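Just below is one structure, and these are the notes that go with it.
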Amino acid sequence: GENVEQHPSTLSVQEGDSAVIKCTYSDSASNYFPWYKQELGKGPQLIIDIRSNVGEKKDQRIAVTLNKTAKHFSLHITETQPEDSAVYFCAASLPGTGNQFYFGTGTSLTVIP
Amino acid sequence: GAVVSQHPSRVICKSGTSVKIECRSLDFQATTMFWYRQFPKKSLMLMATSNEGSKATYEQGVEKDKFLINHASLTLSTLTVTSAHPEDSSFYICSATDLTSGGLNEQFFGPGTRLTVL
């Protein structure tokens with residue numbers, strides 16, 4: 001099956017700086033890569049996603065890049081704000097698995113005011 | 001985006017009792033629902049996948065007789081924790097997807113249910 005690794009596990013940045021979280025996956029057939037933000041005591045919320053036919057996607061301060069050759073994808077948050085503090089999870093999805101997700105281990109992001 | 005609700009959001013029960021958690025897709029038909037369990041500061045652990053009208057598929061190590069899953073309609077799936085014990089205390093999260101929606105892959109997550117077994 002698919003194996004997703006996520007780094008770093010914790011990340012602290014100063015407000016206004018950028019944050020980058022990286023994930024690698026093992027199965028080259030994976031074709032969908034979402035990123036979720038989870039606040040304490042709440043369910044995950046989709047913040048951005050990318051499909052295997054695209055190399056980069058941007059939505060305001062958030063961007064995701066995908067390198068299919070190296071099998072890794074990254075989340076980039078620019079101009080970080082305290083409200084960006086949360087746990088972020090990456091995931092990968094394989095075709096033919098009924099939309100099953102393989103999650104990374106999560107990154108706890110703290111934005112210091 | 002699509003909305004998924006869970007009820008209850010929190011439940012406290014005595015050891016030995018059963019607890020039912022509901023997961024509803026509010027504005028779309030969910031052909032498939034997933035149930036996850038999450039321990040503090042850990043990732044989501046997939047427990048089972050349920051397709052409407054058929055038996056759930058459980059992940060290795062998850063007791064199907066302990067965690068009963070029913071997906072009787074395209075908008076509702078339930079997870080029943082039978083004879084709950086303190087070690088079942090956890091955060092349970094459902095997600096829903098529509099496999100007929102033109103090949104899109106998204107899963108829409110509910111807000112989670114915090115179960116505490118005394």
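Side chains are part of it too, since the values below use all heavy atoms of this structure and drop only hydrogens, waters and symmetry mates. All chains are named by letter (A, B, ...) in the order of the sequence lines, taking the proteins before the strands, and each is independently numbered beginning at 1. What you see is a predicted model; the values in this text were computed from it and never measured.
Ring centroids of A:F103 and B:Y36 are separated by less than 6.0 Å, placing the two rings close together.
Residue A:L40 places its CG atom among 12 or fewer non-hydrogen atoms of other residues, nucleotides or ligands, all under 6.0 Å distant. In B:K66, the NZ atom is crowded: over 12 heavy atoms of neighbouring residues, nucleotides or ligands sit closer than 6.0 Å. For A:E79, the CD atom is loosely surrounded, since the number of other residues' heavy atoms within 6.0 Å does not exceed 12. Surrounding CZ of B:R10 are at most 12 heavy atoms belonging to other residues, nucleotides or ligands under 6.0 Å away. Atom CD of B:E87 has more than 12 neighbouring heavy atoms from other residues, nucleotides or ligands inside a 6.0 Å radius.
Annotation for A:F89 and B:K42: closest pair CZ-O, 3.8 Å, computed over non-hydrogen atoms. When all heavy atoms of B:F91 and A:Q38 are compared, the closest pair comes out as CE2-NE2, 3.9 Å.
Between A:N99 atom CG and B:S95 atom OG the span is 9.0 Å, to the nearest 0.5 Å. Atom OH of A:Y102 and atom CG of B:L44 lie 14.5 Å apart (nearest 0.5 Å). Here the CD-CD distance, from B:E59 to A:Q100, works out to 5.0 Å after rounding to the nearest 0.5 Å.
Using a 4.5 Å cut-off on side-chain heavy atoms (C-beta onward), A:Y32 and B:E106 make contact. A:T10 is not listed as a side-chain neighbour of B:K41, based on a closest heavy-atom distance of 4.5 Å or more.
A:V20 and A:I47 fall into different hydrophobic clusters, where Ile, Leu, Val, Met, Phe, Trp and Tyr are joined by side-chain heavy atoms under 4.5 Å apart, directly or via other members. The same ILVMFWY cluster, assembled from side-chain heavy atoms under 4.5 Å apart, contains both B:M47 and B:V11. Hydrophobic cluster membership differs between A:V87 and A:V13, with clusters built from Ile, Leu, Val, Met, Phe, Trp and Tyr side chains linked at under 4.5 angstrom. Cluster membership for A:V64 and A:V54, using ILVMFWY side-chain heavy atoms within less than 4.5 angstrom, is shared.
Both the backbone and the side chain of A:P44 come within contact range of chain B, judged by heavy atoms closer than 4.5 Å. Residue contact with chain A, scored on non-hydrogen atoms closer than 4.5 Å, involves the side chain of B:Q38 exclusively.
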Inset, instruction - Start with the C-alpha distance between A:Q45 and B:F108, add both sets of side-chain angles, then the distance that settles side chain to side chain contact (heavy atoms under 4.5 Å, CB included), and finish with yes or no. - result: CA-CA 8 Å; A:Q45 285 190 308; B:F108 302 98; over 6 Å; no
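Side chain of A:T105 to backbone of B:S43: no donor-acceptor contact under 3.5 angstrom is found.
By the 30° and 60° cut-offs, the orientation of the rings of A:Y36 relative to B:F109 is perpendicular.
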